[in-house]
Each structure stands twice: as C-alpha cells, then as structure tokens.
Amino acid sequence: MSILVNEDTRILVQGITGHQGSFNAIQMQKFGSKVVAGTSPGKGGTEVSGIPVYNTVRDALVEKPNATFISVAAPYVLDAAKEAMYNGIDLIYILTEKVPYQDTMKIVSLANKLGKRVLGPNGPGATSPFSCKLGIMPNQIFRKGNVGVISRSGTLTYEIVNQITINGLGESTVIGLGGDPVTGMNYIDALEEFKKDEQTAAVAMVGEIGGTAEEEAAEYIKNNFNKPVVSYITGRSAPPGKRMGHAGAIISRGKGTAESKVKALEEAGVRVASYPYEIPSLLKEVLK
Amino acid sequence: MSILVNEDTRILVQGITGHQGSFNAIQMQKFGSKVVAGTSPGKGGTEVSGIPVYNTVRDALVEKPNATFISVAAPYVLDAAKEAMYNGIDLIYILTEKVPYQDTMKIVSLANKLGKRVLGPNGPGATSPFSCKLGIMPNQIFRKGNVGVISRSGTLTYEIVNQITINGLGESTVIGLGGDPVTGMNYIDALEEFKKDEQTAAVAMVGEIGGTAEEEAAEYIKNNFNKPVVSYITGRSAPPGKRMGHAGAIISRGKGTAESKVKALEEAGVRVASYPYEIPSLLKEVLK
Amino acid sequence: MNLYEYQAKELFKKYGISIPSGKHVASEKDLQWEKFPVVVKAQVLTGGRGKAGGIKFANDSKDLMEKGKDVLAMSIKGLKVRSLLLEEKLDIAKEYYVSVTLDRSTKRPIIIASTSGGVEIEDVPDSKIVKYWIDPTIGYSPFVGREVAFKLNLPPDESKQFQAILARMFSLYEGYDCELVEINPLVVLKNGKVLAGDAKVVVDSDSLFRHTDLSENPAERTDLEELAYKRGYALVELGGDIGVIANGAGLTMATLDGLTLKGLKPKNFLDLGGSDDVEKVVGAFQILKEAKIRAILINIFGGVTHCDTVANGIAEAKKRVGIGVPIVVRLSGVNEDIGRGILKEHGIEAYSDMMDAINEVVEVVK
Amino acid sequence: MNLYEYQAKELFKKYGISIPSGKHVASEKDLQWEKFPVVVKAQVLTGGRGKAGGIKFANDSKDLMEKGKDVLAMSIKGLKVRSLLLEEKLDIAKEYYVSVTLDRSTKRPIIIASTSGGVEIEDVPDSKIVKYWIDPTIGYSPFVGREVAFKLNLPPDESKQFQAILARMFSLYEGYDCELVEINPLVVLKNGKVLAGDAKVVVDSDSLFRHTDLSENPAERTDLEELAYKRGYALVELGGDIGVIANGAGLTMATLDGLTLKGLKPKNFLDLGGSDDVEKVVGAFQILKEAKIRAILINIFGGVTHCDTVANGIAEAKKRVGIGVPIVVRLSGVNEDIGRGILKEHGIEAYSDMMDAINEVVEVVK
C-alpha cells in the first residue's frame with residue numbers, strides 16, 4: 001500500500017508561482033499526484049496548470065490539502081513550514097536547499113510536538129509508483145514493486161531506482177531524506193513505516209558520509225527490523241574535513257566515515273554493495 | 001480515591017531552605033505528605049526537618065519525587081518549573097505570587113506539550129485528606145469525605161472547607177487553582193478529574209470575578225458533568241476596572257462580573273449560594 | 001501598569017513602529033514647535049480625552065502657548081494632566097485598529113484588527129473585526145501578519161507596512177511583558193504611509209523587575225488607596241462607610257458581598273495578605289483611621305495569619321491608633337481560642353462565625 | 001564558516017562573555033601595546049598554531065615588533081598568517097573547556113564541558129567530560145548552567161561566572177546560527193576571574209543572509225577550489241589525476257568511489273548541481289582545464305539536468321575550451337538518446353552504464 005504518500009495525498013505547493021514551484025507542480029500532476037492547491041501571497045485567484053492559487057495556506061484549506069511541497073527561498077522556509085503546521089497540514093516536504101540548520105531544528109521540533117512529519121530540506125521527496133509523487137524525482141524511472149528505497153541523496157537515488165527498475169524489480173515507495181546535517185525524517189522513521197507496509201518486502205538503503213544516521217539505522221535494523229535490507233554507502237574516497245556537496249556530507253573529528261557505516265550495517269546483517277549497480281542483484285538474492 | 005495528590009505523591013520542595021519552603025515542607029510532613037526531597041543550589045547535602053536537600057532537581061531524582069512545590073521568588077519561577085519538567089516531574093505546584101503572566105503562559109504551554117500538570121501560581125495547592133497535602137492549606141480544617149472543592153482563592157477556600165467539615169461533611173480533594181489571570185489547571189481540568197473519581201459524590205465550586213473561567217466551567221457542567229455541583233461566587237459588590245487583591249480578580253470591559261458567572265452556573269443547574277455558610281446545606285440537599 | 005501615550009510611543013520607536021514626529025512636554029517653557037499646525041495631546045491614563053477637550057490643534061507659536069497652557073491646566077475624569085505630547089498634524093486618509101492582548105480564556109495572545117478604527121473597538125460590529133489567536137507552540141511568524149492583512153483586505157502597499165507594524169507590536173508585546181499593545185487609530189496617510197496615531201501599552205506590573213527602564217507610573221489611585229499602597233497594603237476604596245479588614249482576596253470580597261447583601265455599604269477592600277505580623281494589623285487600622293467610616297469589621301480565617309497575632313494587633317491598635325468607631329471582630333482557624341481570649345481582655349467579644357459578625361455590624365450601625 | 005579568534009572574541013564581547021583585553025593587528029605599523037608582557041597570536045583558521053610557533057610572548061615594544069613581524073610572515077599548515085591578535089598575558093590558575101555545538105544524531109544542541117581544558121577535547125577521557133543535551137522544547141534556562149556547574153564541581157565563585165558565560169555562549173550559539181561556540185581554554189585567573197582564553201566560533205554559512213555584519217572569510221581553499229568557488233561550482237580537490245564532472249553530490253561521490261575502487265585517483269569532486277544550462281557544463285571544463293589531469297569522466301543521470309543539455313555543453317567545451325585529455329561520458333535518464341546523438345556527431349561515444357564508463361577510463365589512462 002506504500003508509505004507516506006499514496007492516492008489519498010492531496011498536495012499543496014507553497015511558492016507555486018516560482019520557477020521550481022510551477023515546474024514541479026506540473027511534473028507531479030503528470031505523474032498522477034493530486035496537486036490540489038498552491039499558495040503565493042498576492043497571487044490568490046490565479047492558477048497554475050489548472051491548480052488554484054491562494055494567498056495563504058488558510059485560504060487554500062478549502063481544497064483540503066494534507067501534504068505540502070515547500071519551494072520558497074531559504075530565508076522563508078521556517079515561516080512557510082509554520083504556516084503549514086498551524087493550518088494542520090500533516091506532511092511537510094521541503095525542497096529548498098541551504099536552509100539554516102537551526103531553522104530546520106525549529107521546524108523538526110515543532111513537528112514532533114504537533115505530530116506532523118517533515119521530509120527534507122534539500123531532498124527529492126517521496127514517490128510511491130504510481131499513486132503519488134511528492135517531490136522532484138524524475139517521473140520515468142519507477143516501476144511499482146516491493147522494494148522500499150531510502151536515501152540521503154538525489155541523483156544517486158535516481159541512479160539506483162533506475163537500476164532496480166531496469167533489472168525487473170520495482171519500488172513500493174522511494175524516500176529521499178535530504179542532504180543536510182539536520183533533516184526531518186531519518187532512516188529509522190522510514191524503516192518503521194516500511195516495517196508496517198505490506199507492499200514492501202525488502203529495503204534498499206542508500207547512505208553517505210557524515211553524521212551517524214546510518215549507524216543508528218543499523219542498530220535499529222539489528223534489533224527491530226524483520227525485512228531484508230541491502231545498502232550502498234557513498235563517499236568512501238572522501239577526505240576528512242571536506243564537505244562533499246551536501247552540507248551534511250562531511251567527516252568531522254573522525255565521525256561519519258563510510259567505513260564506520262559499512263561496518264555497522266554489515267554487523268546488522270545488511271548486504272552492502274560496492275557499486276550502485278550491484279543493488280538489484282543483492283535485492284534479488286535477499287528476496288529469493 | 002481522591003484526585004491529583006494521594007499516598008503515592010512524593011513531594012519535592014524547590015527552594016526548601018527559604019522561609020516559605022521550610023515552613024510548608026514541615027507543615028506538609030505533619031499533614032502526612034511524603035516530602036521526599038528539597039532543592040537549594042549550593043546547600044546540597046544539608047537537610048530540613050530530616051528532608052534531604054540537593055543542589056539540583058537532577059540530583060534530587062534519587063528520591064523519586066513525582067510532584068514539586070515551587071516557592072522560589074517570582075523571577076526564578078519559570079526556571080524552576082522548567083528544571084522540574086526537564087527532569088520529568090509530573091505535577092508542578094507553584095505557590096509564588098506575582099509571577100509575570102507571560103512566564104506562566106510559557107510554563108503552561110510547556111506543560112501541555114510535555115504532558116505535565118501545573119497548579120497555580122498564587123494558589124494554595126491541593127489537599128486530599130489525609131493522604132497528601134501539596135500546598136499551604138491549614139492542616140486542621142479537613143475531614144475525609146465525598147465533596148470535591150475547587151476554588152480560585154485561598155482563605156475563602158479554607159472558610160468554605162471549614163464550613164463543610166464542621167457541618168459533618170468531608171472532602172475528597174480540595175483544589176486551589178490560584179488567583180492569577182493565567183493559571184495552570186482550571187475548573188474544567190479539575191472537574192474532569194472529579195468526574196472520574198469514585199470518592200467524589202458532589203463538587204463545591206468557589207468562584208470569583210474576573211475572566212470567564214466560571215462561565216466555561218458552567219458550559220462544561222451542563223454538557224459533560226454528571227455529579228451535583230454547588231457554587232459560591234465572590235465579588236458581587238466589586239466595582240469594574242479594579243483589581244480586588246488577586247491579579248485575576250478584575251471586571252474589565254464588561255467581562256468577568258459575578259452576575260454573569262452566577263447566571264451561567266444557574267443555567268447549568270448549579271445551586272449558587274449567597275453566603276459561604278450556605279454551601280454545606282446546599283451540599284446536603286444535592287447529596288440526598 | 002498603564003503607560004502614557006508618550007511612553008508607549010517611545011517603546012514603539014525602540015521597536016521600529018512608525019510614529020508621528022513628536023515631543024513630550026512637561027512644562028510651559030517647552031511649549032515650542034517648528035512646523036505648524038501641531039496637535040496638543042493631554043497625557044492622561046484614561047480614554048475619551050478627545051471629547052473632554054484634551055486634544056487641541058495649534059496654528060502658530062502663540063496659539064500653541066495658549067492651548068498648551070490650557071490643556072496642562074486641565075483635569076480629565078478627575079485625573080490631573082501633568083504633561084503633553086506635541087505631534088505633527090497628520091494628513092489622514094484612513095483609520096484602522098490593531099491590538100495584541102491576552103485572551104484569558106484560551107491562555108493565548110490574540111490579535112484584534114479592523115479597518116474601522118478611531119472608535120472604541122467595543123463599538124465596532126464583529127463582522128468588521130478580524131481576530132487571530134497565536135498558537136503558543138508556533139508563536140508569531142510572518143504568515144500571521146499575512147493572514148491578518150489578507151483578511152482585512154488591505155491594498156498591497158498598506159499590507160506590507162501593516163505586517164511590519166504587527167510583527168513589531170508582537171515583539172514589543174512579548175519583549176515588555178505587555179498585557180495590551182493597542183494602536184487606535186492606526187493611520188494611513190494620504191501619501192500612503194501607515195503609522196501609529198495613538199498608542200496604548202499596558203505592562204504587567206509583576207514583570208517590572210526585568211524592565212528596569214520603566215519607572216512605575218502613578219496609577220489612578222484615590223488618596224486613601226495611595227496611602228495604603230505606599231504602606232504596602234492592597235486597598236481598594238469603594239465609597240461606603242463600613243471599614244473592612246480581612247485576610248485573603250476571596251474572603252475579603254466575600255465579606256464585602258455579605259455586608260452589601262445586608263444593605264450596608266463597605267468603604268473598602270483591605271486584604272492583610274499572607275502575613276503573620278502584629279504591626280501589619282496595626283497599620284491597617286492606621287489607614288482606616290483616615291477614612292470616614294461608621295464601623296470596622298475584621299474578618300479573619302486563620303491560616304498563615306494566626307488569630308492570636310491579629311488579636312494582639314487589634315489590641316495594640318486600640319491602644320495606639322485611637323479608633324473612634326465600633327470594631328466587630330470575627331476570628332476562626334489557627335489559634336482562634338487564644339485570639340478570642342486576648343480580645344476578651346481588651347473588652348472585645350470576637351465571633352467565630354462570619355455571618356454573626358456581619359449581623360453584628362448591622363446592629364452597631366443601626 | 002569558521003571565524004578567526006579575533007572575530008569570535010568580538011562576538012563574545014557583544015554577548016558579554018569576558019575576554020582578555022586585546023587588539024587586532026593586520027599590519028606592522030599597528031604593532032604597538034602599552035602594558036608588557038603581551039601575547040602575539042597568529043590569526044589562522046586551523047588548530048595547533050601554538051606548536052607551530054604561531055603564539056609568542058613579547059616583553060617590550062622592540063620585542064613585539066620583531067616577534068610580530070615574524071608571526072605575520074608565517075604560514076601555518078599551508079595557511080598564510082594575515083593578521084595577529086595582541087592580548088594581555090594572563091595570570092592563569094586553571095584551564096577549563098566548554099563548548100556548545102549541534103549533536104546531529106539527537107538533533108539537539110549539546111553542551112560539553114570539562115575542568116581539563118587547554119588540550120583537544122578529544123584527548124580528554126570521558127570520565128572528565130560533562131555532556132548536557134538541551135531539550136528543544138524547554139530550551140536553555142539557568143538551571144542548565146547550574147546542573148553543568150555542579151557536575152563540574154566548580155567552587156561557588158567560579159560556578160557563578162561559569163554559569164553566566166555558558167548562558168551567553170548559548171545566546172550567541174542561537175543568535176548567530178552557530179555550528180560551534182567553543183572556549184578552550186576557559187581560563188581561571190589567579191585572582192579568581194573567569195574568562196575566554198581562546199575563542200572558536202563556526203557560523204552556519206547558510207544563515208549569513210541574516211548576519212549581514214559578518215563578511216565571508218576566505219576558507220581554506222586550494223587555488224583550484226577558489227577558482228571553482230568564485231565561478232559558483234561545488235568543487236573539492238582530491239589530489240589524483242582523473243577529472244570528474246557529475247550531477248548530484250551522492251552520484252559524484254559514487255563516481256569517485258568507483259574510480260578509486262578501480263585503482264585510479266580522482267583529481268576532484270565537481271557537482272553540476274540541479275541546473276540545466278549548457279554554459280554551466282562548459283564552465284566546468286574551463287575549471288578542469290586548469291588542473292593537471294589525465295582524463296575527464298562525465299557521469300550524468302538526467303533529471304532536472306537534461307542529458308541533451310550536457311551533451312551540448314560537452315560539444316561546446318570541446319570547441320571553445322580545448323581539452324587536451326580524453327573525455328569519457330556516461331549519460332542516462334532524461335533525453336539520454338538525444339544527448340547520445342549529439343555527442344556522436346562530435347565523435348564521442350557515450351555510455352549509458354556508469355560502470356562501463358569507469359572501466360573505459362581505466363582503459364584510456366593505461
């Protein structure tokens with residue numbers, strides 16, 4: 001039945017009249033997502049590709065959105081997320097990159113208190129083929145199937161999803177957590193959902209250097225997760241102290257190395273691929 | 001079985017070496033309350049009437065307190081309440097008066113988020129004869145019985161409890177909400193507890209001018225409360241725009257009059273006394 | 001604590017809320033201004049000063065001197081005008097209303113706004129008022145201002161200025177522990193600029209320990225209230241002729257109510273508070289000695305305040321203060337018997353029941 | 001963004017955190033001081049400057065001039081010393097450690113403190129370190145400082161100063177969107193005063209839009225990185241000889257990893273990011289032209305970035321940039337076929353599988 005997003009997801013796009021907002025609203029529509037409303041203060045009453053635009057989230061509530069796609073500029077993300085939460089939106093996906101991490105921490109802390117979910121910032125969102133795409137993943141790489149995918153990166157996720165698809169497998173839901181040091185959902189949150197999801201038979205977990213989220217996920221998998229997991233960790237050749245593109249992808253003070261993550265995952269019984277292309281064959285093995 | 005406080009209540013006194021703190025710690029002990037610890041930064045290792053004193057609430061946790069009596073000076077109440085909540089104390093009673101109301105709002109908002117209860121500020125606390133007294137009510141006015149008492153004032157509560165006692169009735173729990181415009185628990189919170197409490201057969205609700213808490217309680221009683229309630233409202237002769245001792249006791253912009261409260265309560269089927277001494281006879285009637 | 005308009009506007013300035021250019025004037029010699037006409041506004045802690053003649057326009061220096069002196073000499077609703085605010089005369093196109101205050105019932109700050117300003121907000125129909133409750137978890141955020149501005153249907157340029165002002169009002173509301181921050185009217189000038197025509201700020205008196213830049217204003221106290229205030233008593237003058245001393249705000253109010261229901265008129269609310277001090281009792285009598293009364297009722301339910309302490313205080317007061325009216329005493333609670341014994345020695349028979357005492361007052365003033 | 005010690009101490013001053021009296025000196029002519037001895041501290045964005053000779057003591061003006069010039073002329077760990085901080089020499093009794101930083105795994109700020117300061121905190125045994133996580137709902141409150149100070153077992157007078165400093169460090173941490181606020185050593189003078197001996201502040205670069213008082217510091221970039229940075233590319237120099245251009249941080253890292261596993265040494269990380277712009281592609285080649293490399297691998301998974309755009313960029317670069325080394329291209333995803341067609345016209349056979357492309361690089365550099 002997929003996780004997080006499905007045919008009941010009704011998407012609001014905050015900042016729909018911007019370049020990213022309008023482009024992705026249309027792409028989501030094409031995918032089959034229900035994009036029910038957009039906001040753009042001062043542009044209420046207009047529309048984007050048939051999607052009604054409102055001045056405020058409060059006004060947009062007439063369209064009964066339950067998830068939001070936030071693509072406003074970084075300085076305004078905190079406000080947009082608060083507006084969404086104040087108005088009862090349950091799932092907050094933030095596309096924007098370069099959001100100050102203390103703003104993200106405020107958003108995440110608020111969401112925890114209010115029982116809301118946050119996906120991102122700076123990630124590609126969530127896609128359940130073909131009931132709903134909330135985010136920016138390319139529409140054409142998916143096939144409906146039984147593999148759940150969780151990743152911190154964007155393009156690498158597409159690469160791996162594409163590998164899964166062209167090798168005859170398919171995805172239940174693909175989740176991009178985002179490349180920042182602090183994000184809303186993490187691996188464990190997604191694994192908990194996949195655990196409950198009947199459609200998901202195995203999980204592909206794509207990790208990268210920085211932080212200890214993969215190590216914590218490994219601990220969770222060892223103790224609480226009953227479906228097979230395969231993994232690919234990138235950044236093995238990254239030098240310490242350098243940010244590798246993502247704000248969160250940095251080995252600092254000895255923490256966050258690929259070795260540490262691979263070791264933790266393997267100790268948790270996870271098969272770890274050396275190259276992305278190995279993921280489908282590993283999946284086929286564990287799904288036997 | 002009484003509400004809020006009982007034989008399982010283990011009291012911490014924050015500010016135990018102050019005048020109010022030590023005096024009331026001893027009075028609570030005399031009543032039979034379990035006063036298990038006190039705090040006073042820098043005085044850890046000493047004791048007050050056999051009660052061990054700690055530097056911090058964290059340190060005092062070895063005594064397993066689950067309720068706190070806060071009697072620090074007004075500027076430090078917010079910090080003391082945060083310290084108690086951070087360390088998992090469930091029931092926060094604040095004796096201190098003149099706490100800035102925005103501090104109280106912060107405390108109440110935090111408590112709501114963290115699932116804690118706040119009683120006060122500026123009230124006499126809660127007493128369940130004779131299992132536990134958390135607060136400053138005089139020890140000798142109680143008799144165990146089936147009347148729940150809720151009040152916003154101090155001495156007037158004692159007056160009425162005394163009337164109940166000397167007229168042969170007794171109390172399940174007596175709750176003083178506090179005389180400030182913003183307090184933690186309000187009438188409805190207490191009524192919800194009394195509704196569930198088997199020991200309580202009737203409730204005496206003592207109100208006063210200011211705000212609309214009594215009106216809201218009346219609405220709740222009308223729709224949700226199945227035990228008889230009698231009431232006394234004070235401040236009928238108070239002029240508008242004047243604070244009558246309590247920060248919260250003020251009729252402002254036409255709101256908060258005694259007439260409005262009496263009317264709302266009577267419409268909810270509550271018998272309202274003209275004088276405090278009438279409360280016991282009204283109780284006897286409704287308890288028949 | 002209510003702030004004067006000029007004080008409130010100083011805080012507005014500090015928080016970046018646009019105000020007219022102005023000058024606070026406390027004496028005649030400062031009645032000077034450059035660009036006429038100028039508005040002369042009486043600084044008093046009450047509403048309705050306009051109707052009472054406390055706002056005048058002056059067209060030149062001479063006119064200003066005359067009108068300024070006039071207003072400085074006024075009393076409005078019994079309150080002496082002690083200073084003025086001189087302000088540029090505004091070229092007003094529209095008048096709005098906006099305030100931030102506490103909603104006691106939800107325990108949340110509430111924003112109230114209307115495009116019908118310049119009159120008391122109580123007189124504006126609900127349909128023309130926008131109310132917005134701030135979620136304490138989420139707090140104020142720019143979207144709040146957007147929602148309010150769109151609901152008010154403000155034109156874009158006004159909306160932008162309104163949102164900036166509202167955000168700053170909320171910062172002030174939180175930063176200075178306010179009970180109320182009100183702008184009425186919020187003025188839109190003919191040139192499109194939005195600013196605070198008037199300013200009303202009420203600061204929580206209990207928070208003054210952290211706002212040491214605010215000195216306490218003389219509130220609207222009667223002479224008796226001022227005397228009591230200075231001596232540390234919570235006294236409210238009520239206008240009748242029965243002096244009342246009790247302990248606890250609720251019990252004191254109940255005492256007043258009891259007297260009133262019996263057809264008597266209490267002179268005052270006086271709460272001894274949670275003290276146990278003979279001198280505090282004596283001091284209460286010293287204050288009531290200054291009031292025109294026919295009797296004094298003392299109603300004590302002993303708790304923190306012990307009955308014997310009160311009895312000693314009454315005895316002491318009889319000796320030292322010299323009270324010329326009958327004293328009726330009710331003592332109940334902690335050390336009631338000791339107290340009653342002490343009073344007996346001084347020829348006072350104390351009641352233990354409140355109603356008996358009230359009825360006795362009815363008797364003695366017959 | 002790392003701040004220099006002198007910048008961090010300016011922020012400390014702003015937040016009321018006690019610091020030694022000092023002076024920032026960027027040129028020889030400002031090498032002046034009143035009260036000797038004085039400490040001359042190299043301002044560089046790296047640790048271990050003490051061991052490297054970047055901290056010296058001067059006993060008089062002449063000594064200061066000499067040593068100041070020496071240190072100004074130094075490079076430490078490859079970083080040129082551009083300025084100095086002159087500071088009063090402290091009469092140190094004890095050295096502590098205290099920092100506020102982000103704990104990524106709990107998403108909470110963490111306070112780390114120790115009475116064993118003056119050395120890298122990584123070298124202090126866990127038993128001598130106090131850690132305190134701030135609950136984001138409750139935030140910082142004075143009790144936090146009390147708990148930490150009592151756990152450190154500080155004497156009362158030190159404790160009081162420590163708590164004040166910690167509260168202000170936390171205000172700074174939040175107020176300036178810091179990733180780290182660190183004082184090491186936190187110095188206790190022989191006279192009992194507690195102050196910040198050193199100061200390390202890292203500000204979240206993404207927050208600079210609201211800290212306009214901070215200008216961006218030159219980070220520790222190599223020449224190639226600096227060039228890329230100025231042109232708006234995310235490039236990290238790695239030291240090998242295979243140039244890499246890819247799109248997306250994860251895919252770029254995966255490309256580097258693939259090359260490394262095959263025994264090759266990548267020269268760089270270069271992420272085209274989420275753009276779809278021919279010139280962006282051309283620009284990437286222009287940067288790599290400045291690097292000593294043996295081949296370039298372009299690895300694109302087309303999404304936002306279309307494969308045909310990249311193909312056009314490569315073709316354009318071949319024409320305009322003049323790249324003297326073999327180019328291996330992998331294109332997959334959006335408009336892959338069009339892209340492959342375009343490249344074919346320019347004599348490049350693009351792979352659709354990433355591994356095939358990596359293997360081809362192995363071939364061409366053999």
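Residue numbers begin at 1 in each chain, while the letters A, B, ... track the order of the sequences.
Salt-bridge check for C:Asp204 with B:Lys98: failed, with every basic side-chain N at 4.0 Å or more from each acidic carboxylate O. We find that B:Glu214 and B:Arg152 are joined by a salt bridge, their nearest charged nitrogen and carboxylate oxygen being less than 4.0 Å apart. Residues C:Arg340 and C:Asp337 are paired through a salt bridge, judged by an N-O separation under 4.0 Å between the basic side chain and the carboxylate. Ion pairing of B:Glu259 with B:Arg236 is absent here, as no side-chain N (NZ or NE/NH1/NH2) approaches a carboxylate O to less than 4.0 Å. A salt bridge is absent between C:Glu182 and C:Lys200: the closest approach of a Lys/Arg side-chain nitrogen to an acidic carboxylate oxygen does not fall below 4.0 angstrom. Between C:Glu336 and C:Arg330 no salt bridge is recorded (no basic side-chain N to carboxylate O distance below 4.0 Å). Looking at B:Glu171 and B:Arg143, no side-chain N of the basic residue comes within less than 4.0 Å of a carboxylate O on the acidic one, giving no salt bridge.
C:Gly339 and C:Leu331 make their closest contact through C-CD1, 3.8 Å (heavy atoms, listed as atom of the first residue, atom of the second, distance).
Heavy-atom distances place no part of C:Leu272 under 4.5 Å from chain B, backbone and side chain included. Only the side chain of B:Tyr275 comes within less than 4.5 Å of a heavy atom of chain C; its backbone N, CA, C and O stay farther away. When heavy atoms are compared at a cutoff of 4.5 Å, C:Pro266 does not approach chain B at all. Heavy atoms closer than 4.5 Å to chain C are found nowhere in B:Thr157, neither backbone nor side chain. For a residue to count as touching a neighbouring chain, one of its non-hydrogen atoms must lie under 4.5 Å from one of that chain's; by this rule B:Thr234 touches chain C with backbone and side chain alike. Only the side chain of B:Lys242 comes within contact range of chain C, with heavy atoms under 4.5 Å apart. For C:Asp177, the parts sitting under 4.5 Å from any heavy atom of chain B are the backbone and the side chain alike. Only the side chain of B:Pro138 comes within less than 4.5 Å of a heavy atom in chain C; its backbone stays farther off. With a 4.5 angstrom heavy-atom cutoff, C:Val236 touches chain B only via side-chain atoms. Using a 4.5 Å cut-off between heavy atoms, C:Leu256 contacts chain B through both its backbone and its side chain. With a threshold of 4.5 angstrom between heavy atoms, B:Arg243 approaches chain C through its backbone and through its side chain. Heavy atoms of C:Thr137 lying under 4.5 Å from chain B belong to its backbone as well as its side chain. For B:Gln163, the part lying under 4.5 angstrom from a heavy atom of chain C is the side chain only. Residue B:Phe23 does not touch chain C at all, counting heavy-atom pairs closer than 4.5 Å. Residue B:Ile233 touches chain C through its backbone alone, counting heavy-atom pairs closer than 4.5 Å. Contact annotation for B:Val99: only backbone heavy atoms (N, CA, C, O) come within less than 4.5 Å of a heavy atom of chain C. Using a 4.5 Å cut-off between heavy atoms, C:Ser332 touches chain B through its side chain atoms alone. Both the backbone and the side chain of B:Pro181 come within contact range of chain C, each with at least one heavy atom under 4.5 Å from a heavy atom of that chain. Looking at C:Glu120, there are no atoms closer than 4.5 Å to chain B (heavy atoms on both sides), in backbone or side chain. Looking at B:Met244, both its backbone and its side chain come within 4.5 Å of chain C, counting heavy atoms on both sides. Heavy atoms of C:Arg108 lying under 4.5 Å from chain B belong exclusively to its backbone.
Considering only heavy atoms from C-beta on, B:Asp180 stays 4.5 Å or farther from B:His246 through its side chain. C:Ser99 places a side-chain heavy atom less than 4.5 Å from the side chain of C:Leu180. Residues B:Leu156 and B:Pro276 meet the side-chain proximity criterion, which asks for heavy atoms closer than 4.5 Å.
By number of non-hydrogen pairs under 4.5 angstrom with chain B, the leading residue of C:Thr252, C:Val304, C:Leu102 is C:Leu102. Comparing C:Thr260, C:Asp257, C:Leu251, C:Thr305 by how many heavy-atom pairs each has under 4.5 Å with chain B, the most go to C:Asp257. Between chain C and the residues B:Glu97, B:Lys106, B:Lys255, B:Gln140, the most heavy-atom pairs under 4.5 angstrom are made by B:Gln140. Residue with the most contacts toward chain B among C:Thr255, C:Val334, C:Asp271: C:Val334 (heavy-atom pairs, distance under 4.5 Å). For the options B:Gly256, B:Gly248, B:Ala258, heavy-atom pairs under 4.5 Å to chain C are most numerous at B:Gly248. Heavy-atom pairs under 4.5 Å with chain B were tallied for C:Ala246, C:Gly250, C:Gly302; the largest tally goes to C:Gly250.
The aromatic rings of C:Tyr176 and C:Tyr15 lie perpendicular to each other, with more than 60° between the two planes, well past the 30° mark.
Formation of a donor-acceptor pair under 3.5 Å by the B:Glu159 side chain with backbone atoms of B:Thr155 is not found in this model.
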Check step by step if salt bridge (Lys or Arg N to Asp or Glu O under 4.0 Å) holds for C:Arg294 and C:Asp241.
CA-CA 6 Å; C:Arg294 294 198 290 155; C:Asp241 53 14; 3.0 Å; yes

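Donor-acceptor pairing under 3.5 Å is lacking for the side chains of B:Ser109 and B:Asn112.
The cationic atom of C:Lys107 (NZ for Lys, CZ for Arg) does not lie both less than 6.0 Å from the six-membered ring centre of B:Tyr101 and within 45° of the ring axis.
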